[in-house]
Protein chains: 2
Amino acid sequence: MMTIDKDKVFKNSRLTYRLETLANNAISANDPLFVEKLGCNIREMRILRLIDDHPGIEFNEIMRISGLDRSLVSRLIRSLLEKTLILRVNNTEDARRYGLFTTDTGKTCRQLGRELSDAAEALLLQPLEPAEVEQLKALLGRLLSWVRSDDYQTGVQAMYGSFRGREER
Amino acid sequence: MMTIDKDKVFKNSRLTYRLETLANNAISANDPLFVEKLGCNIREMRILRLIDDHPGIEFNEIMRISGLDRSLVSRLIRSLLEKTLILRVNNTEDARRYGLFTTDTGKTCRQLGRELSDAAEALLLQPLEPAEVEQLKALLGRLLSWVRSDDYQTGVQAMYGSFRGREER
DNA sequence: ACAAATTAGTTTCAATTTGAGATTATCTCT
DNA sequence: AGAGATAATCTCAAATTGAAACTAATTTGT
């Protein structure tokens, strides 16, 4: 019966794999905590935070910034409205639009969420030195803006072109 | 009409968020490429790689190392078998078990996958210096083994206990 | 002025993904 | 042989998804 060293396998792994695994682990540890303590999941909290930081923000801005799908954003907003964490104020100039604001309950929830996130992040980053945390954040930030850039997309397209499949289809 | 700077919002964001977004972006760029060029998705490729690196590996080991759910691993293996990328050899001592090996097609596929991954990773990491790439890999590696450790789980449990929710339920 | 086209946001629906638990098959122990 | 444990598969119901249809309001073109 062979026993393979998990860490060793991991050491040879791809960066995307590392990122994904780490993200999944961290999130699956935290999300239930948010749901239990605050009644909303991490994604709802992110939208709430966005609204709290940008009072009056509109649907399309939330969509643009969060990068989430239209239907999804719509559902998340509805959910937050149903929980009375946010408030909707129709735009007087264009009745299709509306601005969003956090209610008092929403502000409290957001504040609790912040404390929870702080605790969760502190725990996650416990093994790193402060300087290393900064390094990590900076590196991830650079990669993210690269990945979101047009040049990256062009690169991906070029890759598509340059590979020949296992067999012609 | 307000216009919010996406990058600025991102700079204030949580680490888990950065990780998740980056992972999602990188994966959604690469996965279709794998499917189109090799006929299997990234997760199937990971299992294939595991099998190719550890000929004769058994189901439960794949489950343990990949960290994936039982049903999911079962499905992935079936899928790889159907594509004749792997081969199943029943264990002579225990008929419930079996070992897995890559077929020639599987080896070719894995090799192509490797080239594809290399290209994809090179593109992803283009904005970083080699030394920075190493730093990033090391930092992620340390975090991952922390997140998978019992101590981390204990920490999460402690967090659960120490927070009071918005209201009693 | 008014029909056509566009835009904002919501809702529906069908396809996919998921994982818990039932199931099958085998093995071990007494 | 029977009871219970174990390995892997399969089933099914619930959740998630995003494309497309839809509603409502606005703008454009004639």
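A, B, ... follow the sequence lines: proteins, then strands. Residue 1 opens every chain. All of these numbers come straight from a predicted model, not from anything done at the bench.
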**Student:** Tell me: CG of A:L80 to P of C:dT10, nearest whole Å?
**Tutor:** 12 Å

**Student:** Need to verify one output field. Residue with the more 5' nearest nucleotide on DNA chain D, A:R43 or A:E93?
**Tutor:** A:R43

**Student:** Aromatic rings A:Y17 and A:F10: how do their planes relate, parallel, tilted or perpendicular, breaks at 30° and 60°?
**Tutor:** tilted

**Student:** In whole Å, I'd like the distance from the CZ atom of A:R64 to the P atom of C:dT7.
**Tutor:** 17 Å

**Student:** Can you tell me how far C1' of C:dT17 sits from CD of B:E44, to the nearest Å?
**Tutor:** 14 Å

**Student:** Produce a footprint string for nucleotides 3-13 of chain D: one letter per nucleotide, 5' end first; B if the base is under 4.0 Å from any protein heavy atom, S if only the sugar-phosphate is, - if neither.
**Tutor:** ---BSBBBB--

**Student:** Between A:T92 and A:D69, just flag the one whose closest nucleotide in DNA chain D comes earlier from the 5' side.
**Tutor:** A:D69

**Student:** For A:E61, is there an ion pair with A:R64 - N to carboxylate O distance below 4.0 angstrom?
**Tutor:** yes

**Student:** Output the rounded distance in Å from CG (A:L68) to C1' (C:dT10).
**Tutor:** 16 Å

**Student:** Hey, is B:R114 close enough to B:D52 for a salt bridge, meaning N to O under 4.0 Å?
**Tutor:** no

**Student:** A:D69 and A:S71: side-chain donor and acceptor closer than 3.5 Å?
**Tutor:** yes

**Student:** Output the distance between atom CG (B:L80) and atom CZ (B:R43), rounded to the nearest 0.5 Å.
**Tutor:** 11.5 Å

**Student:** With A:M63, which of A:L68, A:V73, A:I77 fulfils side chain to side chain contact (heavy atoms under 4.5 Å, CB included)?
**Tutor:** A:V73

